[in-house]
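Take a look at the structure below.
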Number of protein chains: 2
Amino acid sequence: MSKVKRVYTFGDKKAEGNAGMKNLLGGKGANLAEMNLTGVPVPPGFTITTDVCTEYNEMGREKVVELLKEDVKAAIENVEKIMGSEFGSRENPCLLSVRSGARVSMPGMMDTVLNLGMNDDAVVGLTNKTGNARFAWDSYRRFVQMYGDVVMGLKPESKEDVDPFEEIIEALKEERGIENDTELTVDDLKLLVTRFKKAVKDKTGLDFPADPWEQLWGSICAVFDSWMNERAKYYRQINRIPEEWGTAVNVQAMVFGNMGKKSGTGVAFTRDAATGENIFNGEYLIDAQGEDVVAGVRTPQQITHEGSLRWAKLAGISEEERASKYPSLEEVMPEVYKELFTIQKKLEDHYGDMQDLEFTIQDGKLWLLQTRNGKRTGAAMVKIAVDLLREGKIDEKTALLRQEPNKLDELLHPVFDTKALKSAVVIGKGLPASPGAATGQIVFFADEANKYPASILVRIETSPEDLEGMNIARGILTARGGMTSHAAVVARGMGKCCVSGAGNISINYKTRTMKAGDKTLKEGDWISLNGTTGEVYESKIATIEPQMSGDFAGIMKLAEKYTRMDVRTNADTPKDAQTARKFGAKGIGLTRTEHMFFEGERIKAMREMILSGKEEDRRKALEKLLPYQREDFEGILEAMEGYGVTIRLLDPPLHEFVPHEEENQAEMAKEMGITTEQVKAIVDSLHEFNPMLGHRGCRLGNTYPEITEMQARAIIEAACNLKKKGIDAKPEIMVPLIGTVEEFRLQNQIIRKVAEQVFTEKNIRVDYLVGTMIEIPRACLTADKIAEEAEFFSFGTNDLTQMTFGYSRDDAGKFLPVYIKKGLLKEDPFQVLDQEGVGQLVKMGTARGRSANKNLKVGICGEHGGEPASVEFCNSVGMDYVSCSPFRVPIARLAAAQANIR
Amino acid sequence: MSKVKRVYTFGDKKAEGNAGMKNLLGGKGANLAEMNLTGVPVPPGFTITTDVCTEYNEMGREKVVELLKEDVKAAIENVEKIMGSEFGSRENPCLLSVRSGARVSMPGMMDTVLNLGMNDDAVVGLTNKTGNARFAWDSYRRFVQMYGDVVMGLKPESKEDVDPFEEIIEALKEERGIENDTELTVDDLKLLVTRFKKAVKDKTGLDFPADPWEQLWGSICAVFDSWMNERAKYYRQINRIPEEWGTAVNVQAMVFGNMGKKSGTGVAFTRDAATGENIFNGEYLIDAQGEDVVAGVRTPQQITHEGSLRWAKLAGISEEERASKYPSLEEVMPEVYKELFTIQKKLEDHYGDMQDLEFTIQDGKLWLLQTRNGKRTGAAMVKIAVDLLREGKIDEKTALLRQEPNKLDELLHPVFDTKALKSAVVIGKGLPASPGAATGQIVFFADEANKYPASILVRIETSPEDLEGMNIARGILTARGGMTSHAAVVARGMGKCCVSGAGNISINYKTRTMKAGDKTLKEGDWISLNGTTGEVYESKIATIEPQMSGDFAGIMKLAEKYTRMDVRTNADTPKDAQTARKFGAKGIGLTRTEHMFFEGERIKAMREMILSGKEEDRRKALEKLLPYQREDFEGILEAMEGYGVTIRLLDPPLHEFVPHEEENQAEMAKEMGITTEQVKAIVDSLHEFNPMLGHRGCRLGNTYPEITEMQARAIIEAACNLKKKGIDAKPEIMVPLIGTVEEFRLQNQIIRKVAEQVFTEKNIRVDYLVGTMIEIPRACLTADKIAEEAEFFSFGTNDLTQMTFGYSRDDAGKFLPVYIKKGLLKEDPFQVLDQEGVGQLVKMGTARGRSANKNLKVGICGEHGGEPASVEFCNSVGMDYVSCSPFRVPIARLAAAQANIR
């Protein structure tokens, strides 16, 4: 009928889709198809494409249901045929799951409905078929609850609100005088179904639908709706997922892990998602449905025997207790385990990457529910790629492209100083859910994560609502939940340190305290987490900088091989320069000279210079500053020996240097032999309405050429002194805030004149460049003219973004978050270079500059120089280098290599 | 020898150049050539081209002299032949003048040397030839003085310094006990020459050159040097004359107006330079050299009899006194007058424009020294062009192109209120040197003109050093000097009100007082000048707005005929709108709504809105503002009935509206029932580091949509109400500060939704447009996207200039003047649109906008919309309209017509 194919079926080792169709079928849908094609046992079903999600948002529910109707009917018939059951039947009911599935995984973000097709008829059928009334009615109860939540809108809006269904359960448990859900009888469950339906009717005025088809359409549409819910939107924002992608809907025959002792469910990873080690691992629960594992309500058991032993050791559980209460799947169902092991191997080989599997065992039969590339920590990302490369399963380029540059950040975060650790007091231990070290002040509620500059979120367990707070906190500690709990999975995805399931910790949300053994800590107290060992420490612990070695170094070496652009660093001190060099920086893209003016005597001389009314007096003060500057430059040029060092001349408005407090003003007045009133008057006269657009940058050097003269002299003298010592210094003098070629020409003349003077005085010459920062729109527009005079351009994309957008970075906090929330901006343009607007100017500036001066060296020194997408853009524009802060250097190097490969 | 022709000769009704060669020969040189070709008696000579000036600045003196040597020698021989005299000869000496002459006249700016060739031999020759030893020695004395000043550097640097030559003269007069120069004997003059030469030797260590050739080269080079003197640079700056143009040098045989009673010199205008009336007029002096007339040292006499009578009446001089002491040339030398009258007619006809002539009568023979298009007031400019058009001497396009748009400004300045004038006290009367009305506080020194916001510069006479101060003062009053004195000529050029030669006024610079009859006024006292009548009034006088009528209206009608672009106005009130309409505005290009929030109750409601933490409270406060806004919009839409009215939504940061003083904060706190501390805290939270780039413009409307809703409602309701009254209101709603299409889309949706609501409520529809201000660089770069949604663009070139240059207009005062002085910027980009940089964005924005939406209406509403060069640019870009302040509307209309003709 319709020419567009909207529904793709799979089952019984056949499938209409395949792994290559992720954009259309979503990650989950494509993999379900592919798993079938690989010959893995997967419950049959079908996928509604992501395009339909877009149609849904555009055309609305009714039209889309109409468009889908026939295809879905046919697909259900196919499921029924394969499963030998019938949708909504009293005899042999076929139950379905309905799940979302976008191109990339968004764990816990969108809605799912399980046990669909359940009604008063089907429950009878299921009872008869399984001989397990309790299971059947519990499934019914779960379905009504889930459908009521997701489709009929009874889900509480925030965590403070009570879930009406949980309230009903609690009430009944009280009536019955019991504590656990498992103590509820079949009749209790029947009563719950009745009460649940009444609650729905009371709240919505609608009858709970008995018709399986109505249930099906309700669930499909609810999944589409959930693409636009607030949580999902926020997740897309921080993960930069476009709204247009949409989600697919996967409808699949239910298989049950909660059909008794021979059933179970679990998740598994083909390699260790935290460390990257090639160890099959995972967790499962007997007699449970999938969400029980992920939600962290029950403590899950390990799949492998080895893993189980290790886990028990970490959790401090005796072998006796482990073997009796938490045996591994390998021990409990050795046949199933063997099949699972074979399948995981097959799937990893098939996909050529570490897989994250979901499986269910129904009455002894293994079903694979999902496989996907597993989320992993930065360390695991590096190790897995290097291992797969070594194993010959992927090539070098693939290994490089598998790296998510930002994730390297985790490897560059501080780790605890081993010395400091020795005196640290361990107050608890949990699972090493996401590695790294974190120190911060305790908060108990995710929406209070920003209460302290560094906070640790402490929760019994986390849920998707906590996402925003988890992103803000430095680390996450949970009392319950395993390695695959929500907290663990999300934290690993964020590269955030996490210790989960720390059993000795009990949390009291009301009093905002936690007990760890005999210690009681309250909100605001400092704790530290080691996500690599699972240890929880009392108070702050000092950290040290990480090293770049092992597999990390290997990946970096590989990046070097495939890169075209150099990566430089922004560094103001020899120490920073050394750090960056260690990380592979090839030169300095930006040295700010202004920080050098603040220490001790320097600031006095600087102030004297600014407060002087006459050039003569300014020159005297500058004389005092000269030796300091020269010394600073010697240090930094020496640290970067052999590589170019771009030194920016004085940039900030003079106002930033003068004393604003009366006391300091009086001191300066005394120093200079003038009155405090005079000092105050000069300070006041320096006030600016918009200092960002005021008397700064080369405007200072052009109105007070003596400043430029002093700085140029300090740089050239430093280089000459080093050369005499046999050190190869390569200064590149950068004039900031150029808007017209005339401004540059004047500065260039001053600098070159001073350089010649110094060469004559010292009887030695050094090579140096004079170039400019391109950070004003007008400079991009007239770049051809400027390039006739300048030897290099360095794009200052921070200021360029400020002026191109008309956003003051200091003030944009008032509207940028709202803008991003409302979708007026996809991303913060100060974090990710705005290629559409600012990028045009960068492109234009580069092209026009090169057209006038084909030897023009072009780079970027704004903070975008360390942001992968922006680095890729810089590569495409043809820049010679990017420059970023020392700890972003490896990230930029990787991004530069990836950009070049792509 | 050299292929480039550097020297152009003229004389005896032959010339190598002509009037078309102004760029090469300068205005004066081209006209000297042309006058020869026209058959007018002109002293022979030659012109060294303006290109040589550039060569001089590049290659230096020696090389240029070398290049010129042969050609100059030949040219001198030509002069000698025509004059029958010999350069430096003891028998029949040929004396020369050396004068500057740029493309456009720069009166008094550069140096001149007269009587060149004079030495101990030539003075004998001249004595013998003329039989007038006094004249010969006075010429010698003058030459040494002038050459010493100009070439040898004895000119005092500022007016405070004493001229060493004047000092010598004063000393000698004291020795002799005489008062006037004329009482000096021939021997005295000889003594002066000796003493002058000694002064030169003492000061410079150099002998005064006797060799005429050395004198000649010294003078030629001095003229080239004077192109780069500070006065000339400043003049070029305010008159926007490029430095590259250079000056030509005109060397010409001297003729003498100071050879006795049958000699004289004068300047004349073919029409009245102040009023434009077709009356031949001018001034002369008997037995004088040219500079005596211009310098205003002696009171000059009128050329025509009629003029003389009129002058005497104005100056309060009896007919007896006039006829004896100040007879006209017409009376004194009727034959010469007749010849002069014929020549002036011939020259005006030849050039087709009002001429400014310089002539000398040497021993009864008339010589024309110069003719050029005469400087004139705005009124004269209009009248002369309209008259010439009427007389059939020029066509319509020429008449239009003859108008200097900025000069119309004079016609739009206030004139005295005739009622207020009745009670005004006249304290003096001078010549109506430059028309208009001025009221201000007295200053006596040009460099103190900025001492008061409105100052009147009162001087005995002015000189070129006073230029900067004259430009700042509101009006100029001199005690000495005629209609062609320095003060008068310069003031007319500037369109500045000037009364010159007010004889009853005596000025004491030392006590900083002036006496006018029996009144004594001191610095800072208010006076008023009527430059149209020559009257000087005590104290302030109220002024009224001018009318556009007569010839002015005629020129405007002509402009209308040849224009393509519309001219709109920027107006915030019905009164402004009416004024602009009177001046021919076709619509409003910018109505700022923020001013409307400041009056009375409004500011309270506005503050309440801002200080409210909740949307609900903001809405309540906005409700209160709605009726005010609606009323304002009704007024302005009605005033512009039939034309589009662009209303800009709220633009400035909210900070501008809140109370900053504790008292007002307390009042608001009381009003709103919160504490003063709360108010203070909110006010503080609104503080921004760079408000220009902060939370303003559409960023307000997008974060607080309720503001946009209220404003849109007020506008649409106003238009609906007017339509019901039969008034054709055409609102165009303008969203400010758009940087992304998403921002515009959201605002557009809000506005259109509100409009539909109002239409439904009022059961009537009106046409309206929704567009945006293009004032952020990013908007220009993404104009194609924005134009898909917007119906019009209005370039806000004030902000666009701020962001493209990175200049805060409020702060740029710290460096812009230095930048202009140093030549880093040719002009203030806030006054004249920077076509090279900002212009690219305007062009790009227009082209890209139109490429996406061919019906896009495009205009400009920045202040550049009233600046002629910028208007021409807007025309070239293809804009539909420019918009400017009401009083700039005629200027913009004229500029628009001229742009279209060109």
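These numbers come from a predicted model, not from an experiment. Chain letters run A, B, ... following the sequence lines, proteins first and then strands; every chain starts at 1.
Interatomic distance, A:Ser808 OG to B:Glu688 CD, rounded to the nearest 0.5 Å: 7.0 Å. The structure places CG of A:Leu693 at 4.5 Å from CG of B:Leu693, a figure rounded to the nearest 0.5 Å. A distance of 7.0 Å separates NE2 of A:His695 from CZ of B:Phe815, quoted to the nearest 0.5 Å. The CZ atom of A:Phe744 sits 13.0 Å away from the CG atom of B:Leu824 when rounded to the nearest 0.5 Å. Here B:Leu841 contributes atom CG and A:Leu781 contributes atom CG; the two are 4.5 Å apart, rounded to the nearest 0.5 Å.
With salt bridges taken as basic N to acidic carboxylate O contacts below 4.0 Å, none links A:Glu742 and B:Lys826.
By the neighbour-count criterion of 12 heavy atoms within 6.0 Å, atom NZ of A:Lys753 is sparsely surrounded, having that number or fewer from other residues, nucleotides or ligands.
Between chain A and the options B:Leu700, B:Ile776, B:Val741, B:Leu825, heavy-atom pairs under 4.5 Å are most frequent for B:Ile776. For the options A:Val838, A:Leu746, A:Val818, A:Asp810, heavy-atom pairs under 4.5 Å to chain B are most numerous at A:Asp810. In terms of heavy-atom pairs under 4.5 Å with chain B, the best-connected choice from A:Arg699, A:Met692, A:Arg696, A:Lys821 is A:Arg699.
Of all non-hydrogen atoms in A:Pro691 and B:Phe689, the two that sit nearest each other are CD-O, 3.3 Å. In terms of heavy atoms, A:Asn702 sits closest to B:Tyr819 at ND2-OH, 3.5 Å.
Using a 4.5 Å cut-off between heavy atoms, B:Thr740 touches chain A through its side chain atoms alone. Interface remark: A:Leu816 contributes no atoms to any contact with chain B (heavy atom separation under 4.5 Å). Of the atoms belonging to B:Asp799, not a single heavy atom falls under 4.5 Å from chain A. With a 4.5 Å cut-off on non-hydrogen atoms, B:Leu737 does not touch chain A at all. Neither the backbone nor the side chain of B:Pro817 comes within contact range of chain A, judged by heavy atoms closer than 4.5 Å. Looking at A:Lys785, only its side chain comes within 4.5 Å of chain B, counting heavy atoms on both sides.
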The test is side chain to side chain contact (heavy atoms under 4.5 Å, CB included); show your working for A:Gln840 and B:Arg778 and say whether it passes. CA-CA 9 Å; A:Gln840 278 194 53; B:Arg778 199 181 185 285; over 6 Å; no
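Using modelled atom types, no side-chain atom of A:Lys822 and backbone atom of B:Glu743 make a donor-acceptor pair closer than 3.5 Å. Of the possible donor and acceptor atoms, one in the side chain of A:Asp811 sits under 3.5 Å from a partner among the backbone N and O of B:Asn690. When atom types are taken as modelled, the side chain of B:Lys814 and the backbone of A:Ser685 share a donor-acceptor pair closer than 3.5 angstrom.
Side-chain contact between B:Met803 and A:Phe805 is absent, with no heavy-atom pair separated by less than 4.5 Å.
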